[in-house]
Amino acid sequence: MRLAKTYEPNQYEPNIYAMWEEKGAFSPSGVGDPFSIVMPPPNANGNLHIGHALTVALEDILARYHRMQGKDVAYIPGADHAGFETWVVYERELAKEGRSRFDFSREQLYSQVWNFVDKQRGNMELQLRALGVSASWKDLVFTLDEKVITTVNSTFKKLWDEGLIYRGERIVNYSTKYQTSYSDIEVDHKVEKGTLWMIAYPMLDKIGEIVIATTRPETMFGDSAVAVNPNDERYKDLIGTRLQLPLTDREITIIADDYVDASFGTGAVKITPAHDPNDFEVGQRHNLERIQVIDFDGTMINVPQQFKGLTAEDARKRTVAALEAQELIRGKTTIEHTVGYDYKSGLPIQPLIKDQWFLKIQPLAQRAKQALLDGEISFTPASRKQVLVQYLDNLHDWNLSRQIPWGIPIPAFQNVNNPDDWIFDERVDEKLIDVNGTTYRREEDTFDTWFSSGQWPFITTDFMQNGDLSRFYPNSVMETGGDLLDRWIARMIMLGLYVTGQVPFRHVYLHGMVLDEKGQKMSKSKGNVINPMETIASHGSDALRLGIVASRSAGQNQAFSVAKVVAGRNFANKLWNIARFVEDKLGDSYRFRTPEPKALVDHWIISELNTAGADIQQRLESYRFAEASDSMYHVIWDSVADWFIEANKQQENPDLLAWVLDTCLKLAHPFAPFVTETIWQTLAWHNDLLMTTHWPREFAFNDIAASEFNQLKNLITEIRFVTSELPGNDKYTLLYQNDSLVADNVILIQKLTKLQAIQHVDRTRGLRLPNSGREAWLDVSAETLYEHQTNLETRLAETHAIIANFEARLANKSYVDKAPAELVAETKQQLAEKQALAQALVGELAVIR
RNA sequence: GGGCGCUUAGCUCAGUUGGCUAGAGCAUCUGCUUUACACGCAGAGGGUCGGGGGUUCGAGCCCCUCAGCGCCCACCA
């Protein structure tokens with residue numbers, strides 16, 4: 001025997017993977033229709049988590065399946081420099097050494113982080129291999145590879161040339177902790193209870209005061225106006241008059257702007273253009289001064305001496321206290337409002353004015369929206385498309401600048417003598433450049449990583465360079481987590497269309513989050529993280545894949561289930577043992593031959609496997625992974641192992657046995673690549689690899705023979721059921737009359753039912769098997785029969801209930817008239833069957849009584 | 001403020017366009033040293049599909065409504 005007694009996944013998996021890789025099986029074949037998936041690049045210096053295991057399981061199932069369909073498959077792996085994530089980790093390292101980013105130049109930092117990442121790189125790639133991904137490693141792209149930078153720069157230039165890039169002072173989401181601006185997607189919005197203070201601003205041109213409402217009193221030092229709604233009768237006469245800004249010696253004016261909601265608060269709003277996006281816009285309309293009172297480090301500047309240097313939080317308390325001391329607080333209420341937090345540090349985000357690079361997003365967004373409406377991309381789950389359309393409609397201009405050294409430098413330079421004169425240039429390694437006698441200073445900021453990852457599909461396929469892989473653009477499928485719909489999918493569609501004129505992929509499959517066994521989000525702090533590598537070590541890679549795919553539907557957050565991984569492990573073991581049985585029967589020197597079905601079961605199993613092959617195909621092509629896997633699992637375990645193999649022990653057909661095993665391995669391969677290939681290679685019946693062999697083709701069989709086996713199967717099931725119901729553990733004899741199906745399969749029936757004997761008789765006795773439709777009796781004593789009476793009565797009652805159900809349905813004229821004719825005919829037939837059963841049961845009971 | 005999703009067996013979940021007696025894995029119970037497999041074999045029990053209403057010949061699936069849970073998006077002070 002070549003196959004060992006037990007299957008130990010860890011003994012085989014690494015070798016099998018190495019063999020695939022050595023034989024170049026992962027590279028696109030160049031033959032057949034292209035099929036491509038680009039892997040969402042995992043963090044280059046991180047470890048894979050369970051979500052990655054799900055991601056690559058789904059992707060690899062598709063890749064392997066389509067490869068077996070004879071397609072030219074490119075599964076392109078990637079590694080992400082994970083700009084901000086990695087930067088945060090690195091900055092922590094620096095802090096441990098008592099240093100900060102300000103001790104180094106951009107180049108120094110960049111190369112230090114590069115080395116830091118490089119030390120751990122390869123880790124996650126090894127882990128992907130352990131998961132069995134059939135990715136084309138030679139085509140791996142790192143997000144800071146030269147070709148990425150080149151493409152990103154040229155996209156930036158195209159956008160710039162076409163007037164879609166602008167640089168300007170805008171309110172940005174600023175992380176005072178990490179000293180960088182964020183895009184909208186990096187801000188966590190939380191609904192909170194906050195205090196709304198009513199503050200009196202004394203009037204200078206008239207007697208009295210105006211009361212404004214604010215949740216952020218500390219920003220009042222940056223006020224440059226108070227705004228009211230132009231139609232608000234209460235304040236109409238005050239527009240244009242002057243106010244004293246409390247705690248300062250500044251004067252501000254009352255202005256009118258439609259932005260103000262007269263019904264909120266007091267209907268009068270302080271306007272702080274430097275610290276609120278709405279106020280910023282009001283300020284632009286009214287040409288107001290922008291006074292920055294919170295610095296980029298989060299402390300107060302440009303404020304009266306007593307508040308200088310305070311954190312914004314402290315300044316709020318002290319400002320309120322100072323106002324109270326001057327009796328200017330006119331009241332306070334508690335309101336629910338949303339506050340933006342830094343998703344990384346958990347600290348409040350400060351809206352601050354900063355000179356940044358922005359992308360005018362709406363032209364791109366609308367084009368993307370149109371492509372979606374035109375159905376150029378399909379979605380699983382389908383409902384997510386609408387969500388995306390809505391998102392695109394509401395997008396604001398995209399802040400592309402990050403003040404982080406670990407990223408792609410923005411290729412722009414500023415005229416040292418004219419701050420408004422910016423030029424595009426890729427010489428980002430030089431701080432100053434000379435162009436036609438003018439000196440330009442480089443931009444120090446880098447791109448938001450989503451700007452480069454948004455171009456991933458056409459970068460990885462070298463589409464713009466018309467490279468070797470360009471036939472794989474647009475990608476066939478983009479598979480990723482549902483949480484990336486807006487931040488990544490949307491950006492890929494927008495930038496893909498903009499740069500290439502085509503959608504980046506034809507189908508989007510979104511999976512949900514893998515939760516812990518109790519349905520909680522996994523997190524390091526909760527300590528409920530499941531490490532995929534540990535699961536592989538204990539149960540095997542196939543088990544993890546089978547377990548994580550099972551019973552999981554698209555877009556749904558679902559719990560991880562160890563029980564399902566165990567079930568997967570058991571399945572791999574089952575396959576192994578099927579193979580061991582086959583090997584034992586065929587011997588080591590078996591040479592594969594085209595089989596010829598002989599026994600009824602032979603025809604039946606061919607029929608089952610044909611159906612399963614088509615079924616799995618149909619389900620995979622509609623992205624129903626769990627159902628496809630289930631179908632594969634049951635045909636192999638139930639049909640092949642429990643019926644075919646058992647029957648084959650009595651009715652041997654070696655060539656068919658080999659064919660059945662081959663077919664099982666093929667059907668199972670996308671779901672359990674390691675154990676299937678291990679068996680294929682160990683038996684060595686073929687010279688090729690299982691992973692590159694063709695998906696099972698339909699095999700001819702005799703329909704009548706197959707259905708006869710089904711009848712036999714029903715009889716056997718009936719015998720097993722009835723004997724298990726009979727009292728005691730006696731072995732019974734089956735008696736039959738004029739039944740060639742029974743007569744021809746005596747040994748098979750006996751073995752599969754553990755009957756003592758099967759005899760042909762002229763005069764019958766005992767218990768007739770009521771549901772088998774056969775002339776068959778179990779030879780039981782009158783006593784046993786009597787004890788069995790209640791069982792029969794129960795069955796009769798159940799049968800009567802079902803009959804009543806069918807009769808009611810058929811008595812319903814509307815049903816007979818309106819339901820499809822086949823359905824009605826089917827109901828009639830079922831009714832007849834149940835009536836026959838009832839009659840048989842009544843007959844039996846009559847005999848007993 | 002807008003949007004999405006979930007509620008089905010003890011547990012974790014499937015259930016394509018409405019179609020017959022609602023499934024799986026695990027768990028439970030009863031048998032079983034059967035020419036591969038106890039990570040196994042043969043059986044069994046277990047569900048008023050969250051509540052209510054509606055459409056339909058027919059609803060787990062469609063519509064309305066109520067309740068509970070979860071997620072995402074959003075620059076109203």
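We name chains A, B, ... by the order of the sequence lines, and we start the count at 1 in each one. Note that the structure is a prediction, hence the values are computed from the model and not measured. Keep in mind that the numbers below use all heavy atoms, side chains included, and drop hydrogens, waters and symmetry copies.
The listed nucleotides are B:rA77, B:rU12, B:rC75; the one nearest the side chain of A:F264 is B:rA77. Taking every side-chain heavy atom of A:D584 into account, B:rU35 is the closest of B:rU16, B:rU35, B:rA77. Relative to the side chain of A:P820, the nucleotides B:rG19, B:rA77, B:rG3 differ in distance, and B:rG19 lies closest. With distances taken from any side-chain atom of A:Q556 to the nucleotides B:rA36, B:rA74, B:rG5, the minimum falls on B:rG5. Closest to the side chain of A:S383, from the set B:rC4, B:rG25, B:rG19, is B:rC4. In the set B:rA14, B:rC26, B:rC76, B:rC76 carries the atom at the smallest distance from any side-chain atom of A:Y259. When the nucleotides B:rC75, B:rA14, B:rA77 are ranked by their closest atom to the side chain of A:E627, B:rA14 comes out on top. Proximity note for A:I802 (side chain, C-beta onward) versus B:rA77, B:rA14, B:rU21: the nearest is B:rU21.
When heavy atoms are screened at a 4.0 angstrom cut-off, A:K270 is found touching no nucleic acid atom at all. No engagement by A:A550 is indicated, since no non-hydrogen atom pair under 4.0 Å with the nucleic acid exists. The residue A:A567 sits close only to the backbone: its heavy atoms come under 4.0 Å of sugar-phosphate atoms, none of a base. Within 4.0 Å of A:T753, counting heavy atoms only, lies no atom of the nucleic acid at all. When heavy atoms are screened at a 4.0 angstrom cut-off, A:V582 is found touching no nucleic acid atom at all. Using a 4.0 Å heavy-atom distance criterion, A:R619 is classed as making no nucleic acid contact. Nucleic acid contact class of A:T827 (heavy atoms, under 4.0 Å, all strands): base. Note on A:E718: nothing from the nucleic acid sits closer than 4.0 angstrom, heavy atoms only. Among the heavy atoms of the strands lying under 4.0 Å from A:D486 are primed sugar atoms or P, OP1, OP2 only; no base atom is included. A:N812 comes within 4.0 angstrom of the backbone, heavy atoms only, and of no base. Base engagement by A:I645 is indicated by at least one non-hydrogen atom pair under 4.0 Å involving a base atom. Within 4.0 Å of A:R487, counting heavy atoms only, lie sugar-phosphate atoms of the nucleic acid but no base atom. Across all strands shown, A:D261 has heavy atoms under 4.0 Å from base atoms, whether or not it also approaches the sugar-phosphate.
A:K751 contributes no side-chain N or O that forms a donor-acceptor pair with the base of B:rU34 under 3.5 Å. In terms of polar N and O atoms assigned as donor or acceptor, the side chain of A:K834 comes within less than 3.5 Å of the base of B:rU21 in a complementary pairing. Looking at A:H396, its side chain comes within 3.5 Å of the base of B:rC75 through a donor and an acceptor atom.
An OP1 or OP2 oxygen of B:rA77 is reached within less than 4.0 angstrom by no side-chain nitrogen or oxygen of A:T214. Taking side-chain N and O atoms only, A:Q558 has a distance below 4.0 Å to OP1 or OP2 of B:rA14. Taking 4.0 angstrom as the limit, A:R552 places none of its side-chain polar atoms (N or O) nearer than this to OP1 or OP2 of B:rU12. Proximity of A:H189 to the phosphate of B:rC75: a side-chain N or O atom is located under 4.0 Å from OP1 or OP2. Within the 4.0 Å cut-off from OP1 or OP2 of B:rU21, at least one side-chain nitrogen or oxygen of A:N805 is found.
Look at the C1' atom in both B:rG10 and B:rA27: the space between them is 7 Å, to the nearest Å. Atom C1' of B:rU34 sits at a distance of 8 Å from the matching atom of B:rC41, rounded to the whole Å. Taking atom P in both B:rU8 and B:rG52, the straight-line distance is 15 Å, to the nearest Å. Taking the P atom of each, B:rA44 and B:rG54 are spaced 38 Å apart, rounded to whole Å.
Without hydrogens or angle criteria, A:N812 side chain to A:S814 main chain gives a donor-acceptor distance under 3.5 Å. Looking only at distances, no side-chain donor or acceptor of A:S631 sits under 3.5 Å from a matching main-chain atom of A:E627. Under the 3.5 Å distance criterion, the side-chain polar atoms of A:T214 are matched with a main-chain donor or acceptor of A:R216. Here the side chain of A:S629 pairs no donor or acceptor atom with the backbone of A:F625 at under 3.5 angstrom.
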Original post:
With the sugar-phosphate defined as primed atoms, P, OP1 and OP2, and the base as all remaining atoms, what B/S/- string results for nucleotides 37-46 of chain B, 5' to 3', for protein heavy atoms under 4.0 Å?
Top reply: B-BSSSSS--
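Taking the six-membered ring where the residue is Trp, the centroids of A:F674 and A:Y12 are separated by 6.0 Å or more.
A salt bridge links A:D615 with A:R619: the closest approach of a Lys/Arg side-chain nitrogen to an acidic carboxylate oxygen falls below 4.0 angstrom. Under 4.0 Å is where a charged nitrogen must lie from a carboxylate oxygen, and between A:R795 and A:E718 at least one such pair does. Comment: A:E646 engages A:K649 in a salt bridge, judged by a side-chain N to carboxylate O separation of less than 4.0 angstrom. A salt bridge links A:E652 with A:K585: at least one charged nitrogen is closer than 4.0 Å to a carboxylate oxygen.
Each of A:R552, A:M513, A:R545, A:Q558 was scored for a side chain to side chain contact (heavy atoms under 4.5 Å, CB included) with A:L54, with one residue passing: A:R552.
Take the nearest nucleotide of RNA chain B for A:Q390 and for A:V816: the residue whose nucleotide is more 5' is A:Q390. Summary of the strand contacts: A:D638 and A:V387 both lie near RNA chain B, and taking for each the nucleotide with the nearest heavy atom, the more 5' one is attributed to A:V387.
Counting heavy atoms from C-beta outward, A:Y259 and A:N229 have side chains that stay 4.5 Å or more apart.
Cation-pi contact between A:K190 and A:Y341: present, with separation from the ring centre below 6.0 Å and deviation from the ring axis of at most 45°. Cation-pi geometry between A:R720 and A:W643 is met: under 6.0 angstrom from the ring centre, within 45 degrees of the axis.
Rounded to an integer number of Å, the gap from A:N557 CG to B:rC72 P is 9 Å. The CG atom of A:D615 sits 14 Å away from the P atom of B:rU16 (whole-angstrom rounding). For the pair A:Q651 CD and B:rU35 P, the computed distance is 18 Å after rounding to whole Å. The nearest whole Å value for the distance from the CG atom in A:L586 to the P atom in B:rU35 is 19 Å. When rounded to the nearest whole Å, the span between CD1 of A:I719 and P of B:rU34 equals 20 Å. Whole-Å rounding puts the A:N791 CG to B:rU30 C1' distance at 14 Å. Taking atom CG on A:L837 and atom P on B:rU21, their separation rounds to 16 Å, with Å as the unit. Counting to the nearest Å, the C1' atom of B:rU34 and the CD1 atom of A:I747 are 16 Å from each other.
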Original post:
What would the secondary structure line of RNA chain B be in dot-bracket form, counting Watson-Crick and G-U wobble pairs under 3.5 Å, with [ ] for pairs that cross earlier ones and | for pairs with another strand?
Top reply: (((((((..((((.....[...)))).(((((.......))))).....(((((..]....))))))))))))....
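The minimum heavy-atom distance linking A:H788 with A:E725 is given by the pair CE1-OE1, 3.5 Å.
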